[in-house]
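Let me begin by presenting the structure, written as structure tokens, before commenting on it.
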Amino acid sequence: MSANAPDSRSPLLIWGALAIVYVVWGSTYLGIRIAIETMPPLLHGASRFVTASLLLAAFLLIKKGRAAFRMTPRQFGGAALVGLLLLTGGNGMVAVAEQHISSGLAALLVASVPLWLVVFRIMARDRPALLTIGGVLVGFGGVAALSLNGGGESAGTTGIVVILLASLSWSIGSFLSARIPMPPNVWTASAVEMLAGGAGLAIVSTSIGEHVDLAAISGRSWAALTYLVLVGSLVGFTAYTWLLGNAPISLVSTYAYVNPVVAVILGVLVVNEHVTVQIVLGGVVILIGVALVVSTERRAKRTPAPAPAGEATAPQKA
């Protein structure tokens, strides 16, 4: 089904899948926060994505056989590069940042990804609509408001710098994913991305001396890691991919400004994260900017949107 076609699926199925994307992807920030309580941040990410990749690859092998993995070396390299940018650079730095800032603040700052994508379009001489540029300026104003004062959090400066670098890496990966050779099967591309991203995280983790004491890992951290693998990376991504083929992209794209709200609420309810007035106001400004960009772009040109930090990206996402 095309992005502009009226959906022929049950509205209940569409809203059910959309609710999964809203809640699951919004909850991954909290899942990371809990996992890294007793796990090294990069090593936890390596375990998560390598495991998810192997599970997805096994499913594809059973479902479609070896034909699902047919790709050229350039397509494999393209998916691997995107995986390194999205997961090693993007998701890895999110986990590092959450050692210093709340999961809710991290999610609000990661919401700037659609704004970065517009900046890259301008650099590539693809002139967006005036309202899109206005949305970018509004959104980055909210980012600046949170960044300049650390969102009111102690030790926030380091975390904010790292999360902004994570958003930049994720944005570059998302931008390139539609412009370089990728495997024709979106599930295969996702498996390669997660494998490359997980391997990259393992290499960086080893190089900086991270080590794990299995006896010191708490049960809730193990539970969070399991949730991130099975629900965050597999269920959430499956729901998103289904929505791309069965719902208007303008509706699917609303995850970009719903996920941060879910992340903030869960952070407060589950781990008692503190939310300041500055975080609320800055977050509202960011989400207004993102909403302007997403709504304007979807009216002007119907193309799939990038996945948020923490999930693999299908190659057709811009």
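Numbers here are sequence positions counted from 1. Computed over heavy atoms, backbone and side chain alike; hydrogens, waters and symmetry mates excluded. All values reported here derive from a predicted model rather than from experimental measurement.
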Residue pair [X] / [Y]: nearest heavy atoms and the distance that separates them:
{"X": "L243", "Y": "I14", "value": "CD2-O, 3.7 Å"}
{"X": "S221", "Y": "E37", "value": "OG-CB, 4.1 Å"}
{"X": "A111", "Y": "L287", "value": "CB-CD2, 4.2 Å"}

Is there a side-chain contact between [X] and [Y] (heavy atoms, below 4.5 Å)?
{"X": "M93", "Y": "S169", "value": "yes"}
{"X": "M182", "Y": "V82", "value": "yes"}
{"X": "L56", "Y": "S190", "value": "yes"}
{"X": "M194", "Y": "V50", "value": "no"}
{"X": "K64", "Y": "N185", "value": "yes"}
{"X": "S103", "Y": "I32", "value": "no"}
{"X": "L214", "Y": "I217", "value": "yes"}
{"X": "P40", "Y": "H211", "value": "no"}

Nearest 0.5 Å please: distance from the [atom1] atom of [X] over to the [atom2] atom of [Y].
{"X": "T132", "Y": "L117", "atom1": "OG1", "atom2": "CG", "result": "12.0 Å"}
{"X": "I20", "Y": "T238", "atom1": "CD1", "atom2": "OG1", "result": "9.0 Å"}
{"X": "H44", "Y": "I36", "atom1": "NE2", "atom2": "CD1", "result": "7.0 Å"}
{"X": "W222", "Y": "S47", "atom1": "CH2", "atom2": "OG", "result": "7.0 Å"}
{"X": "I203", "Y": "T88", "atom1": "CD1", "atom2": "OG1", "result": "8.0 Å"}
{"X": "L105", "Y": "I163", "atom1": "CG", "atom2": "CD1", "result": "8.0 Å"}

- prompt: Within a radius of less than 6.0 Å around CG of L130, do more than 12 heavy atoms belonging to other residues, nucleotides or ligands occur?
  reply: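 Result for CG/L130: open.
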
- request: Count the heavy atoms of every other residue, nucleotide or ligand shown that sit under 6.0 Å from CZ of F120, and state whether that count exceeds 12.
  value: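 Yes - once you tally the heavy atoms of other residues, nucleotides and ligands closer than 6.0 Å, there are more than 12.
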
message: In this structure, is the centre-to-centre distance between the rings of F237 and W25 below 6.0 Å?
response: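 For W25 and F237, the ring centres are not under 6.0 Å apart.
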
query: Only one of I279, L30, L108 clears side-chain contact (heavy atoms from CB on, under 4.5 Å) with V264; which?
result: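 Testing each of I279, L30, L108 against V264, the sole residue satisfying side-chain contact (heavy atoms from CB on, under 4.5 Å) is L108.
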
task: Apply the test side-chain contact (heavy atoms from CB on, under 4.5 Å) to residues R66 and L61: give CA-CA distance (whole Å), side-chain angles for both, the deciding distance (0.1 Å), then the verdict.
output: CA-CA 6 Å; R66 289 190 293 179; L61 191 60; 3.9 Å; yes

- prompt: Do we get R33 above Y29's six-membered ring, with its NZ or CZ under 6.0 Å from the centre and within 45° of the axis?
  reply: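 Checked: cation-pi criterion not met.
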
message: Tell me whether the rings of F140 and W116 are parallel (<30°), tilted (30 to 60°) or perpendicular (>60°).
response: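 Because their plane-to-plane angle is over 60°, the rings of F140 and W116 count as perpendicular.
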
Verdict with supporting geometry, V96 and L42, side-chain contact (heavy atoms from CB on, under 4.5 Å): CA-CA 7 Å; V96 171; L42 300 182; 3.8 Å; yes

field: S27-Y227 side chain donor-acceptor pair, cut-off 3.5 Å
entry: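 There is such a pair (donor and acceptor under 3.5 Å, judged by atom type) between the side chains of S27 and Y227.
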
